[in-house]
Amino acid sequence: QVQLVESGGGLVQAGGSLRLSCAASGRTFSSYAMGWFRQAPGKEREFVAAISYSGGSTYYADSVKGRFTISRDNAKNTVYLQMNSLKPEDTAVYYCAADLRSGSYSYSEDQRYDYWGQGTQVTVSS
């Protein structure tokens with residue numbers, strides 16, 4: 001069992017920055033990959049970024065590449081999402097997710113992930 005708790009969301013103006021955090025507990029954090037997804041009102045949940053268990057590999061959706069950075073601190077059992085140059089279309093609930101089994105789905109597919117946090121709201125005003 002893994003528990004995930006996101007924090008760091010809020011209201012920011014377009015062009016601003018936010019850093020989301022996701023604290024994990026319950027299993028050895030350094031043994032599994034992590035991902036960030038988001039869901040805007042009326043839309044399906046979509047992939048944002050993922051990071052391998054060691055932090056050596058990262059993956060991004062095209063819509064955030066060059067603006068967002070995913071990182072992890074295995075000593076603190078925490079994964080981060082640094083979001084810069086935010087746009088109104090980044091407004092969504094952001095979820096972190098844990099990938100314990102590394103199945104056949106790609107990092108961008110939510111079926112790959114076994115545990116999810118409760119989400120944190122990010123609102124970008126124009």
Side-chain angles (χ1 to χ4, degrees):
Q1 192 80 358
V2 172
Q3 293 78 43
L4 302 172
V5 179
E6 301 97 337
S7 61
L11 174 64
V12 64
Q13 288 189 330
S17 298
L18 281 175
R19 188 176 82 155
L20 305 184
S21 300
C22 173
S25 62
R27 294 282 292 270
T28 304
F29 182 69
S30 59
S31 67
Y32 52 88
M34 294 290 297
W36 284 98
F37 287 74
R38 66 186 181 186
Q39 188 167 20
K43 295 188 177 181
E44 293 189 353
R45 185 165 57 190
E46 64 173 0
F47 170 73
V48 175
I51 189 166
S52 62
Y53 68 95
S54 66
S57 297
T58 56
Y59 310 86
Y60 296 95
D62 288 343
S63 59
V64 307
K65 205 170 291 183
R67 300 189 298 122
F68 291 11
T69 302
I70 188 171
S71 62
R72 65 189 298 159
D73 185 338
N74 285 345
K76 295 184 177 180
N77 291 355
T78 301
V79 63
Y80 304 97
L81 186 68
Q82 178 67 45
M83 306 186 295
N84 299 329
S85 302
L86 283 160
K87 305 175 182 180
E89 50 264 42
D90 295 318
T91 295
V93 177
Y94 284 70
Y95 300 90
C96 64
D99 164 28
L100 271 67
R101 294 172 295 170
S102 299
S104 59
Y105 295 102
S106 72
Y107 278 111
S108 64
E109 296 176 291
D110 57 8
Q111 298 98 318
R112 183 183 179 105
Y113 299 86
D114 306 291
Y115 296 96
W116 295 80
Q118 82 289 349
T120 185
Q121 176 71 45
V122 171
T123 303
V124 184
S125 63
S126 57

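- A side-chain donor-acceptor contact under 3.5 Å links Thr91 to the backbone of Val124.
- Applying the salt bridge (Lys or Arg N to Asp or Glu O under 4.0 Å) test to Arg101 and every residue at least two apart in sequence or in another chain returns Asp114.
- Scanning for side-chain hydrogen bond (donor to acceptor under 3.5 Å, both in side chains) contacts around Asp110 gives Arg45, with sequence neighbours left out.
- Rounding to the nearest 0.5 angstrom, the gap separating the CD1 atom in Ile70 from the SG atom in Cys96 is 9.5 Å.
- Partners of Asp90 by side-chain hydrogen bond (donor to acceptor under 3.5 Å, both in side chains), not counting sequence neighbours, listed by chain and number: Arg38, Arg67.
- Across all their heavy atoms, Val122 and Gly9 have their closest contact at CG2-CA, 4.1 Å.
- The ring-ring contact (aromatic ring centres under 6.0 Å, His included) analysis of residues 10-41, with sequence neighbours excluded, yields the pairs Phe29-Tyr32, Phe37-Phe47, Phe37-Tyr113, Phe37-Trp116.
- Every side-chain hydrogen bond (donor to acceptor under 3.5 Å, both in side chains) that Gln121 has, sequence neighbours left out, goes to Thr123.
- Residues Leu4 and Leu100 are members of one and the same hydrophobic cluster, defined by side-chain heavy-atom contacts under 4.5 angstrom among Ile, Leu, Val, Met, Phe, Trp and Tyr.
- Side-chain atoms of Arg27 do not come within 3.5 Å of backbone N or O of Val2 as any donor-acceptor pair.
- Counting heavy-atom neighbours within 6.0 Å of Glu44 CD, excluding the residue itself, gives a total of 12 or less.
- Judged as a ring-ring contact (aromatic ring centres under 6.0 Å, His included), the pairs with a partner in residues 58-99 (not counting sequence neighbours) are, in order, Tyr59-Tyr107.
- By the ring pair (Phe, Tyr, Trp, His ring centres under 6.0 Å) test, Tyr53 pairs with no residue at all, sequence neighbours left out.
- Judged purely by atom type and a 3.5 angstrom limit, Gln118 has no side-chain atom pairing as donor or acceptor with the backbone of Val5.
- Across all non-hydrogen atoms, the minimal contact from Thr28 to Ser31 is O-OG, 2.6 Å.
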Just list the side-chain donor-acceptor pairs under 3.5 Å for residues 12-23, sequence neighbours left out, or say none.
residue: Ser17; atom: OG; partner: Asn84; partner atom: OD1; Å: 2.9

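- Within the structure, no pair that satisfies the salt bridge (Lys or Arg N to Asp or Glu O under 4.0 Å) test touches residues 116-126, not counting sequence neighbours.
- Residues meeting the side-chain hydrogen bond (donor to acceptor under 3.5 Å, both in side chains) test with Ser71, sequence neighbours left out: none.
- Listed by chain and residue number, nothing satisfies the salt bridge (Lys or Arg N to Asp or Glu O under 4.0 Å) test with Lys43 (two or more places apart in sequence, or in another chain).
- For the atom pair Asn77 CG and Gln3 CD, the distance stands at 11.5 Å (nearest 0.5 Å).
- When all heavy atoms are compared, the tightest approach of Ala49 to Leu81 is CB-CD1, 4.2 Å.
- Shortest non-hydrogen contact noted between Ser30 and Asn74 is CB-ND2, 3.5 Å.
- For Arg72, there are no salt bridge (Lys or Arg N to Asp or Glu O under 4.0 Å) partners two or more places apart in sequence or in a different chain.
- For the atom pair CD of Glu109 and CG of Asp99, the computed distance is 11.5 Å after rounding to the nearest 0.5 Å.
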